[in-house]
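Here is the structure we will look at, set down as structure tokens.
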Number of protein chains: 2
Amino acid sequence: MEQKEKKISKAIIQRLPRYYRYLGELLSTGVDRISSSDFSKLMGVTASQIRQDLNNFGGFGQQGYGYNVKNLYEEIGKILGIDRVHNIIVIGAGNFGKALAGYSDFERRGFRIKALFDKDASKVGKTYSGIEILPMDSIKDYIRDNNIEIAALTVPKDSAIELANELKDTGIKGIWNFAHTDLDVPEDIVVENVHLSESIMRLSYNMKSRSIGR
Amino acid sequence: MEQKEKKISKAIIQRLPRYYRYLGELLSTGVDRISSSDFSKLMGVTASQIRQDLNNFGGFGQQGYGYNVKNLYEEIGKILGIDRVHNIIVIGAGNFGKALAGYSDFERRGFRIKALFDKDASKVGKTYSGIEILPMDSIKDYIRDNNIEIAALTVPKDSAIELANELKDTGIKGIWNFAHTDLDVPEDIVVENVHLSESIMRLSYNMKSRSIGR
């Protein structure tokens, strides 16, 4: 299946990893085929919505058969670009950095955290979950020598802005940004933000509107 | 301003906390008024988009004046329900739980983490960032006695599903879910998910489509 240079909506990109997760759970419980209506019920999304979403990438269901779980799982994996390993470094070996290092789920999905970096010299040389903490001044060489594609930034706001600037010419393709700021990077670097403060504000908003709605 | 029982789109709820963050930054640098076009440039969102978003809540700009930063900041704070304190507990005192406990930004925004809970008896009684770890069997009493509205779940998938079930009748209004699963809760509880595996898959997808697009 060739992926066209077609604009895929953000909403679909939100849903694809969720399809992938549910298909992975089905696979691990031995389900190899699912009707489009059962899959719809499981996902809490209409069958036609699922069909529409998948049609953006060629469509995978067969009339009267439903979906082949393994096949669809693998195809969505390809669409998401996780049919191969991505090497990651985590910059900032605080609690968030250590939490990422210890999260085995990433490795299972093809995201391999290769090293942590911290400016605190007393942390350098220690390991968390088998991953070593290296000094900040070795970042650029490390990226080049280890085919690193993604840098996760778990540092304060100002450091994140500086780092995003320093990472510009290193060949890094993606920044996974946990700092509470937007980053200004060249077009060929993708930023995915995890803004926890915004997430909890959305929770607060939804709690408030739920209680007004009743 | 009375908030109507009007369906506000998810996209707007995504953008509101970001407006709030930028307005807070403007305030802290002493800016008290901003033209709608300068605000638009700063946010990277068209002026008419901002106007439309805010019109859902009554509208706040004045023709020829722009926006009063403090006023808009406070009004968006009210819309988000963060004009008052929300008490939170964090269940799971692993690295993520500790990271949340140490994140002073939440407190500044009216989210006060009151206690951590962990099933590991050897952790109970310890404190992180001044927040004590309490035993799991005291959760229900603690929620009742301390006016807790939000429970953050930083536990494995299966525990999160169990906990969501146990929290049902405690008066908890929101669950901030860091576990890699969807939670089935009654209608009066709001769930906000932070699915990191899905976030990094979106990063991977966008990296892939960016490189195809070029």
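As the structure is a prediction and not an experimental result, all values here were calculated from the model. Values reported hereafter were calculated over all heavy atoms of this structure, with side chains retained and with hydrogens, waters and symmetry mates removed.
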Next item on the list: Would you kindly say whether Y103(B) and N95(A) are connected by a side-chain donor-acceptor distance under 3.5 Å?
Entry: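 No, N95(A) and Y103(B) have no side-chain donor paired with an acceptor closer than 3.5 Å.
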Next item on the list: Decide whether D182(A) and Y22(B) meet the rule of one side-chain donor and one side-chain acceptor closer than 3.5 Å.
Entry: yes
Next item on the list: I would like to know whether Q52(B) and N56(B) meet side-chain hydrogen bond (donor to acceptor under 3.5 Å, both in side chains); could you show each step before the answer?
Entry: CA-CA 7 Å; Q52(B) 268 180 45; N56(B) 283 288; over 6 Å; no
Between [options], which has the largest tally of heavy atom pairs under 4.5 Å with chain B?
options: G174(A), G81(A), S199(A); value: S199(A)
options: G97(A), A152(A), P17(A); value: P17(A)
options: L100(A), I13(A), I88(A), N206(A); value: I13(A)
options: K98(A), H180(A), R109(A); value: H180(A)

Note to self: So for I150(A), is it side chain, backbone, both, or neither that comes closer than 4.5 Å to the heavy atoms of chain B?
What the structure shows: side chain
Need one label for [X]: side chain, backbone, both or neither, based on atoms under 4.5 Å from any heavy atom in chain A.
X: Q14(B); result: both
X: Y128(B); result: neither
X: F96(B); result: both
X: L196(B); result: both
X: H195(B); result: side chain

Margin query: Centre-to-centre under 6.0 Å for F111(B) and W176(B), is that the case here?
Written below: no
Item checked: Donor-acceptor pair, side chain of N177(B) and main chain of T181(B), under 3.5 angstrom -> yes
Note to self: For the backbone of G130(B) and the side chain of T127(B), can you confirm whether one donor and one acceptor N or O come within less than 3.5 Å of each other?
What the structure shows: no
Margin query: Go through it in stages, so that I can follow the logic: the residues are E198(B) and R21(A), the test is salt bridge (charged side-chain N to carboxylate O under 4.0 Å, His left out), and I'd like the CA-CA distance, side-chain angles, deciding distance and then a yes or no.
Written below: CA-CA 8 Å; E198(B) 298 187 10; R21(A) 167 157 57 91; 2.8 Å; yes
